[in-house]
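None of the values given here were measured: they were computed from a predicted structure. When a ligand or atom number is given, it counts from 1 through the structure's own listing order. All residue numbers refer to positions in the sequence shown, counting from 1.
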Amino acid sequence: MSSEKAAVQPQDFKSLSSPHLPEQYGCGPIQFKGSHDGLYERHLLFDNVIAPENAGNRERYEAVARSVRDVLSQRWQRTEQTYKRENPKRVYYLSMEFLIGRSLSNNLLNLQLDPLAKRVFDHDHLDELAILAEEPDAGLGNGGLGRLAACFLDSMATMQLPAMGYGLRYEYGIFKQTIVDGWQREQPDNWLRRPDPWEVARPQEAVEIKLGCSFEVRGGNLRVAVGMPSRLVGIPYDRPIVGYGGMTINTLRLWAAATPEGFDFQTFGAGEFVSALAQRLTAETVTRVLYPDDSTSMGQGLRFVQEYFLVACSLADLVRRFRSNNSDWYSLPDKVAIQLNDTHPSTAVAELMRVLLDEADLSWDDAWNLTRACLAYTNHTLLPEALEKWPLRWFELMLPRHLEIILEIDRRFREEILARFPDDQGMVERASLIEHGGEHLVRMAHLAIVGSHSTNGVAEIHSRLLRETTVKDLAEIFPRRFNNKTNGVTPRRWLLMSNPELSGCVSDAIGQGWVTDLGELERLKPLVDDSGFVDQVREAKRMAKHRFAAWLKSSAGTVVDPNAIFDSQVKRIHEYKRQLLNALRIVALYNRIRENPGLEMEPRTFFFSGKAAPAYIVAKLIIKFINNIAGTIDADPQVRGRLKVVFLPDYCVSVAERLIPASDVSNQISTAGYEASGTSNMKFMMNGALTIGTRDGATIEMAEAAGEENFFLFGLTADEVAGSRGWYSPYWHYDNEPETRAVLDLVLSGHFCRHEPAVVDALRNILLTSGDVFRHLADLTSYLEADQRLRSLYADPRAWTRKALLNIASSGKFSSDRTIAEYAAEIWDARPCPIP
Ligand code: 26V
């Protein structure tokens with residue numbers, strides 16, 4: 001890690017960017033419309049050949065988006081020109097996922113054109129919400145890791161860092177989820193079916209990639225033709241990343257795979273025209289679909305090729321850019337910082353070595369020093385099954401030169417370990433890049449750690465566990481390489497844009513400075529005892545709840561009572577995230593009401609939303625169980641109206657933008673030690689929800705910031721969970737805790753699954769027979785106690801809102817601006833490069 005030598009400090013980034021007015025975009029006064037020269041009408045006329053009054057909402061969306069793009073294109077170009085001229089150190093963020101969601105509102109907001117757009121919408125009596133909803137929600141990611149990448153792009157542009165994102169242009173993003181009879185169904189997400197106004201294809205900057213074999217995809221399986229080298233072309237599609245204030249417009253470059261240009265049809269016999277075209281289909285398959293499984297690294301050849309394709313295209317591109325401005329290879333680390341988002345792009349270690357050895361003709365030692373100085377790696381999970389290990393055989397088949405390089409890195413590394421730890425026999429085998437025993441595997445995390453200068457976790461506890469358990473040996477070998485960068489989220493999208501009610505209230509009180517310096521929210525603290533202000537914050541939440549309830553009714557026909565407590569858990573469905581624990585809590589409350597109908601309990605609506613990996617049977621079963629509880633409660637006259645469970649289908653960025661501002665309670669209830677950080681927890685906090693949660697991930701730091709008395713923490717700690725391995729038994733809780741037993745008895749009686757004994761059997765297996773790996777029963781009682789405290793507080797609305805306000809005021813640390821300032825100062829040594 002380079003923290004010692006860092007010249008820039010995180011605090012240097014404070015308040016770098018301030019809002020600027022549209023006049024300063026260098027394109028004269030902006031007109032969407034207002035005269036017949038309005039951009040908007042011109043786009044409708046010239047792109048769609050349609051009169052404004054006849055346009056549908058989709059055409060309107062395209063015309064507005066294209067008008068916004070017109071407005072930003074000059075600035076976008078100037079950003080790149082400035083970087084070329086100033087030749088600053090550039091940051092490249094390599095990620096297999098960018099969960100960007102919709103762009104129109106966000107770009108309008110960051111360009112500060114939203115008031116103008118609103119006037120246009122109002123003037124023409126256009127249905128703003130319906131037009132915005134025409135934009136597909138770009139779902140090029142699974143969950144937290146992909147959304148974090150998108151928040152980072154926003155922060156880097158806002159902080160005027162010369163940065164670029166590199167990813168894949170999947171034709172199909174994360175699947176669309178529907179719920180049929182309580183079960184998840186998956187539908188393909190063909191998000192590019194219609195032209196996307198934000199992307200710019202740049203075929204002139206295509207790059208060619210070589211593979212050691214030919215391959216084709218049949219029935220989803222990769223078939224390899226050994227010894228037949230092949231080529232792939234990567235075509236870049238650029239998307240603008242507008243920094244807040246519109247000063248910097250960076251680029252997200254997504255690669256689409258294609259068959260080499262000038263593909264020689266003549267070399268095929270006349271009769272082979274069709275099979276030649278079929279091969280084109282093969283190449284394009286590489287970027288066809290995002291892998292929807294974020295929990296297992298099941299050996300899948302196509303995924304392996306996708307990862308290398310991203311790396312090879314991106315490195316070729318950034319090396320070309322470097323070479324066009326610099327003649328000296330040794331200055332590479334002064335000009336280039338590459339962040340690897342998890343191990344997915346970690347073949348970058350071997351690829352950069354290959355470029356420096358074979359193309360730049362450098363010595364091994366020089367290439368190795370440059371490679372490590374440029375690369376840095378972020379780990380996002382401790383789950384062993386999600387840690388990537390690729391068969392050595394695949395490297396042999398597809399990337400033989402890379403395998404040579406990896407084996408040489410490994411050989412030298414083993415020598416080093418032997419020399420430094422002569423008494424530790426096992427160390428070499430444990431730390432090596434290659435896992436022997438059975439099929440030989442390349443440990444991608446080890447490759448990333450050994451081949452870079454920085455390895456970071458994404459919250460304090462996660463970084464600690466990473467060092468102490470997951471890659472303990474490597475942390476012992478390279479103690480200074482390991483560091484923590486607690487995650488953050490962009491307050492532009494997650495507060496300013498998605499919660500106008502609360503943002504307005506905050507800005508009225510402390511001004512707009514918080515938008516680019518979230519620490520400013522601290523200034524709300526003196527207002528917690530100002531009952532007038534507390535009432536305004538409560539009113540903002542009330543309005544957000546009504547807005548959400550109205551949307552839910554109109555879009556899904558589901559009716560919820562905005563006066564009920566809105567209690568949410570939204571994230572991928574996973575056993576460790578414990579949606580099942582939440583379900584058990586609801587069953588306990590249901591039992592209490594049925595046993596004591598006179599019981600006083602605030603009406604409560606529980607929202608769940610999230611997707612299960614299509615192959616993750618247990619996760620799909622959990623969705624089914626939640627939907628069954630929802631149905632049972634709705635059919636029960638005693639409980640209906642007091643409790644309600646809603647499973648919102650197809651969780652995505654847009655659903656989060658709507659639900660989070662409306663939530664009173666945020667559930668962050670992972671088994672301690674399993675959730676690396678969490679980021680929705682931060683979004684809820686800034687939006688004034690109170691957190692009920694375990695001491696896991698960044699939730700620990702959130703509680704520390706707000707004061708534990710303003711949090712509802714419960715359950716085993718990570719150390720207690722780890723310490724209970726070997727002796728934990730769920731049966732103890734079943735036998736000794738009457739309420740736990742009553743909950744299980746009701747669930748296992750089939751009360752919620754009348755004609756589905758298989759669901760009941762599976763639940764019994766997860767919670768009892770298989771030992772309750774994720775400690776649901778161990779934490780249920782303390783969860784219910786925390787829930788009791790939470791409900792008592794809710795009975796006192798002022799006291800509740802006071803705590804919510806303390807949470808909002810303490811959420812400043814969790815801006816991705818702070819996180820990015822730390823990466824820039826402590827890992828990248830990168831500075832802002834303002835655009836004149
Ligand atoms: C893993 C895998 C495994 C191989 C197959 C494809 C695939 C795709 C994605 C992943 C990512 C799993 C890791 C992940 O998403 N981690 C989440 O990262 C968030 C951002 O740091 C963090 O807040 C969450 O706690 C963490 O679960």
Side-chain angles (χ1 to χ4, degrees), residues 93 95-99 139-152 167-168 170 173-175 289-307 310 339-346 377-390 441 443-445 448 455-463 465-466 470 484-490 570-578 610-611 613-616 656 668-684 693-694 696-702 718 814 816 819-820 823:
Y93 199 83
S95 177
M96 288 287 282
E97 308 191 3
F98 287 93
L99 197 40
L140 308 184
N142 274 285
L145 166 143
R147 184 52 233 176
L148 184 76
C151 283
F152 280 5
L168 295 182
Y170 302 108
I174 186 72
F175 63 84
V289 56
L290 166 81
Y291 272 91
D293 196 322
D294 64 351
S295 47
T296 57
S297 121
M298 278 182 304
Q300 284 163 117
L302 183 58
R303 167 86 183 179
F304 179 76
V305 176
Q306 283 186 339
E307 293 184 352
L310 166 68
Q339 192 68 34
L340 306 176
N341 200 22
D342 218 301
T343 54
H344 314 155
S346 58
Y377 155 60
T378 306
N379 173 284
H380 294 270
T381 180
L382 301 175
L383 290 185
E385 62 271 29
L387 288 180
E388 290 186 299
K389 293 175 189 172
W390 292 116
L441 301 171
R443 295 165 169 154
M444 301 309 281
T455 294
N456 73 281
V458 291
E460 292 287 352
I461 185 182
H462 166 65
S463 296
L465 293 173
L466 187 65
T470 316
N484 174 60
K485 295 286 167 281
T486 298
N487 284 165
V489 303
T490 170
V570 291
K571 46 189 82 252
R572 284 300 285 252
I573 311 295
H574 206 295
E575 287 165 277
Y576 85 77
K577 295 179 187 282
R578 295 200 296 192
K611 294 175 184 177
Y616 192 169
Q668 305 297 336
I669 59 175
S670 51
T671 315
Y674 282 86
E675 189 68 274
S677 162
T679 42
S680 75
N681 47 1
M682 302 168 184
K683 298 165 196 167
F684 279 108
T694 48
D696 202 13
T699 302
I700 297 176
E701 291 160 67
M702 288 163 40
F814 305 100
S816 45
T819 314
I820 286 300
Y823 275 89

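Residue Asn142 places no N or O, backbone or side chain, under 3.5 Å from any N or O of ligand 1. Remark: ligand 1 and Ser677 share an N or O pair separated by less than 3.5 Å (distance only, no angle test). An N or O contact shorter than 3.5 Å is missing between Tyr291 and ligand 1 by distance. By the 3.5 Å distance cut-off applied to N or O atoms, Lys577 is not counted among the residues near ligand 1. For a threshold of 3.5 Å applied to N or O pairs, the pair formed by Glu97 and ligand 1 contains no separation below that value.
Between atom CG of residue Asn341 and atom CG of residue Leu145 there is a gap of 4.0 Å, rounded to the nearest 0.5 Å. Rounding to the nearest 0.5 Å gives a distance of 9.0 Å between CE of Met702 and OG of Ser677.
Looking at every heavy atom in both residues, Pro292 comes nearest to Arg572 through O-NH2, 2.8 Å. Taking each heavy atom of Val570 and Ser680 in turn, the nearest pair found is O-OG, 3.9 Å.
Shown in contact with Ala676 at under 4.0 Å from a heavy atom are these atoms of ligand 1, numbered in order with element: 25 (O). Which parts of ligand 1 touch Gly678 is read off a 4.0 Å heavy-atom cut-off, strictly below it: atoms 22 (C), 23 (O), 24 (C), 25 (O). The atoms of ligand 1 that sit less than 4.0 Å from any heavy atom of Tyr576 are 27 (O). Taking a cut-off of under 4.0 Å to the non-hydrogen atoms of Gly144, the atoms of ligand 1 that pass are 19 (C), 20 (C).
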Given side chain to side chain donor-acceptor pair (under 3.5 Å), test Thr679 with Asn487 step by step and report yes or no. CA-CA 7 Å; Thr679 42; Asn487 284 165; 5.7 Å; no

Thr378 and Asn456: side chain to side chain donor-acceptor pair (under 3.5 Å), yes or no, with the steps? CA-CA 5 Å; Thr378 306; Asn456 73 281; 2.9 Å; yes

Working for side-chain contact (heavy atoms from CB on, under 4.5 Å), residues His344 and Arg303: CA-CA 9 Å; His344 314 155; Arg303 167 86 183 179; 3.3 Å; yes

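For Gln300, the closest heavy-atom approach to ligand 1 does not fall below 4.0 Å. Close to ligand 1: Arg303, with a non-hydrogen atom less than 4.0 angstrom away. The closest approach between a heavy atom of Tyr674 and any atom of ligand 1 is not below 4.0 Å. Proximity of Gly697 to ligand 1 is not established, as no heavy-atom distance is less than 4.0 Å.
At a 4.0 Å heavy-atom cut-off, ligand 1 touches Val458 through the side chain alone. If you look at Asp293 next to ligand 1, the close heavy atoms, those under 4.0 Å, all belong to the backbone. By the criterion of a heavy-atom distance under 4.0 Å, neither the backbone nor the side chain of Met96 is placed next to ligand 1.
Residues that satisfy the side chain to side chain contact (heavy atoms under 4.5 Å, CB included) test with Leu140, not counting sequence neighbours, are Tyr170, Trp191, Leu254. Ser463 is linked by a side chain to side chain contact (heavy atoms under 4.5 Å, CB included) to Asn484, counting only residues two or more places apart in sequence or in another chain.
Using a 30° and 60° split on the angle between ring planes, Tyr576 and Tyr674 fall in the parallel class, below 30°.
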